[in-house]
Amino acid sequence: MEWFNSLFIEHSAMQAVIIMAVIIALGLGLGKLRIGGISLGMTCVFFAGILIGHLGFSIDPAMLKYAESFGLVLFVYELGLQVGPGFFSSFRQGGVLLNMLAFGVVAIGTLMAVLISEIGHVPMGDMIGILCGATTNTPALGAAQQTLEQLGEHAGRAALSCAITYPLGVVGVILAMLVVRKLFVRKEDIERIDLDASNQTYIATFRVCNPAIVGKTIKDVVEWAGVKFVISRLWRENRVSVPVSDMKLQENDRLLVTTTDKDAIRLGILFGKQEQEDWNRKDIDWDALDNQLVSRDVVITKSGLNGKKLGSLRLRNTYAINISRVTRSGVRLLATPNLVLQLGDRLTIVGEVSAVQEVEKLLGNSADTLRDPNLAAIFIGVVLGLVLGSIPFAVPGISTPIKLGLAGGPIVIGILIGSFGPRFRLVTYTTRSANLMLRGIGLSLYLACLGLDAGKHFFETVMRPEGLIWVSIGFAITFIPVVFMALLALRITRLDFGSICGMLCGSMANPMALNYANDTLPGDNPAVSYATAINDSVGYIAFSEFTTNSAQEFLIALDQLVQTNKIQKLVIDLRGNGGGIIDEAIQMVGFFVPKGTE
């Protein structure tokens with residue numbers, strides 16, 4: 001018994017590690033269970049902490065505070081680092097609309113919380129927890145608690161009220177989506193619309209028939225056009241070549257151009273004629289287009305190239321090759337001269353074999369180099385984030401200066417470093433799997449500490465009238481804003497219901513509801529990015545990454561191909577796959593390779 005007490009009861013460093021490990025392991029195990037198509041995932045760590053705390057287990061308060069703070073900082077910084085490269089570009093076109101709608105959900109819920117707190121005399125510390133639980137946003141709870149403390153408000157019961165309202169916060173979003181779909185969604189509302197298609201690369205062929213550009217150099221035409229495009233191949237007199245900027249266009253030249261979908265029409269007018277052949281299919285063999293040129297994907301792995309502009313490398317003029325597009329984090333970008341390169345960018349290069357090989361040596365193209373995470377950038381960013389979070393900012397109308405705190409400072413620095421770090425030659429590249437692991441460790445620590453602290457008084461509070469009031473308020477804050485903004489988006493913005501569900505789940509920080517939406521809405525598959533039949537007997541499935549349930553989704557896609565096309569052979573495309581959950585990848589391999597095979 002003394003041995004048990006020393007491991008689980010008496011406060012010590014080892015006891016704290018054991019208790020935290022038990023909570024996290026138990027929570028992650030429970031998080032894999034699916035009930036009614038809903039899985040709580042990592043959020044179960046929070047509830048496992050509540051259970052362990054209710055059973056009377058605890059750790060030293062100083063250690064609890066340290067683990068909670070460290071976990072929160074690590075999670076939000078890595079999150080900022082991951083979203084940083086695409087954060088500012090996401091506000092263009094469809095991203096602006098979705099962000100405004102998401103802000104509306106948050107604003108309505110926050111306004112309701114303030115009004116109910118004032119009218120119902122609910123302490124602001126309790127209401128902050130109710131709001132965070134109703135919006136299933138446990139990371140925001142840490143920032144909210146720090147803000148209350150800075151303002152001199154008591155935030156002691158915020159974690160408790162958050163824990164009590166959290167379950168209905170998860171279910172409330174799902175119920176709201178079900179109500180909207182049942183009563184207001186029409187069949188055409190479910191059709192998927194790709195809002196970001198205009199930002200994706202689009203490949204087309206054009207024939208030079210416009211007398212105004214005949215005899216002009218490609219450089220002059222690019223400056224004159226006013227749109228971004230790259231000519232990757234030029235056919236002239238049955239010969240194919242990689243065009244350089246000084247090459248003059250001639251009548252009837254045939255051009256293979258990479259641009260965006262919205263600019264293709266303008267380029268058709270510029271060059272004279274757009275051909276109808278579809279060059280955006282997944283099954284095109286680019287090397288078979290001609291016997292003189294090859295097309296290769298080359299990864300930038302030399303740190304010295306990080307932050308340099310593509311045009312500064314002068315690859316086209318030096319090696320007579322062309323870069324048709326750049327793929328970054330699964331997003332295809334136009335290879336314009338002003339594009340700032342980052343470590344890990346994948347360049348599609350067209351040219352003669354010897355020239356492409358020389359460019360490979362220059363860029364690195366060594367996947368092993370990218371496997372080791374750049375820990376220096378992580379800890380430098382954490383330090384800068386904590387420094388920023390500790391700086392007081394004066395806000396008009398508030399007597400006490402506001403600080404970004406442990407949550408706000410690191411995520412702001414993470415976004416800035418992820419977006420602008422390469423411009424200052426700071427290597428910020430981290431493999432997706434390493435980023436997910438660091439985020440998972442941070443969030444697990446934070447949720448475990450949060451639950452353990454709230455578990456002491458959780459069940460007794462639920463049984464009191466006060467607890468029932470908290471639950472009712474939380475459900476109202478969840479349900480009403482979601483339904484209102486869903487109807488607004490459906491009838492005014494004309495968004496499809498799948499995009500609306502994603503916006504609602506994002507605004508409420510509710511990945512559990514997103515999983516439910518993915519499972520119930522047709523065509524919204526998170527892992528299988530493409531599934532089709534190449535011909536009557538060969539099927540094709542592409543995976544952009546391995547996520548939760550990828551193996552199951554693969555079987556569903558495969559079954560559809562077999563039933564629809566009666567395929568006998570299958571191509572699995574993993575090009576551009578960023579990795580992910582290794583267990584899912586192993587399970588997929590097990591479908592084809594006997595167990596025990598090396």
Side-chain angles (χ1 to χ4, degrees), residues 42 68-92 95-96 98-99 102-103 106 132 135-147 306-307 328-331 340 342-345 370 373-391 393 402-447 450 502-503 505-511 514 545 578-580:
M42 193 171 290
E68 180 180 335
S69 301
F70 179 73
L72 178 63
V73 169
L74 186 61
F75 169 71
V76 297
Y77 176 72
E78 281 297 318
L79 182 63
L81 203 62
Q82 178 70 18
V83 304
F87 179 79
F88 295 100
S89 61
S90 69
F91 286 93
R92 300 171 187 165
V96 174
L98 291 175
N99 277 282
F103 177 78
V106 176
C132 292
T135 56
T136 61
N137 197 341
T138 45
L141 180 61
Q145 286 176 310
Q146 289 187 19
T147 303
N306 189 64
R328 177 179 300 163
S329 300
V331 178
V340 178
Q342 296 183 15
L343 206 66
D345 283 351
L370 299 178
N374 186 26
L375 296 178
I378 294 174
F379 288 103
I380 290 174
V382 166
V383 171
L384 294 176
L386 294 176
V387 171
L388 177 63
S390 65
I391 299 175
F393 296 93
I402 299 297
K403 299 178 182 178
L404 293 177
L406 292 176
I411 196 170
V412 169
I413 291 297
I415 291 173
L416 293 176
I417 289 180
S419 181
F420 302 109
R423 298 176 185 268
F424 300 96
R425 306 298 173 86
L426 181 62
V427 178
T428 61
Y429 178 83
T430 304
T431 61
R432 180 174 176 81
S433 57
N435 184 277
L436 288 173
M437 174 171 284
L438 290 172
R439 281 162 53 185
I441 291 174
L443 186 58
S444 297
L445 284 172
Y446 174 68
L447 293 178
L450 207 61
M503 177 272 296
C505 296
S507 64
M508 301 295 282
N510 197 330
L514 181 61
E545 60 180 324

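Excluded from the calculations below are hydrogen atoms, water molecules and symmetry mates; all remaining heavy atoms, backbone and side chain alike, are included.
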- prompt: Out of curiosity, Leu386 CG to Ile391 CD1, how far, rounded to the nearest 0.5 Å?
  reply: 11.5 Å

- request: Quick one: pull up CD1 in Ile441 and CD in Glu78 and give me the separation to the nearest 0.5 Å.
  value: 10.0 Å

- prompt: Got a donor-acceptor contact below 3.5 angstrom from the Ser390 side chain to the Val387 backbone?
  reply: yes

Shortest non-hydrogen separation from Pro410 to Val73 and the atoms involved: CG-CG1, 4.0 Å

field: Heavy-atom closest pair, residues Arg439 and Phe75
entry: O-CD1, 3.5 Å

- prompt: So do Thr135 and Val106 actually touch side chain to side chain, heavy atoms under 4.5 Å?
  reply: no

statement: Paired with Tyr77, the side-chain contact (heavy atoms from CB on, under 4.5 Å) test is passed by just one of Leu384, Val382, Ile411, Ile415, namely Val382

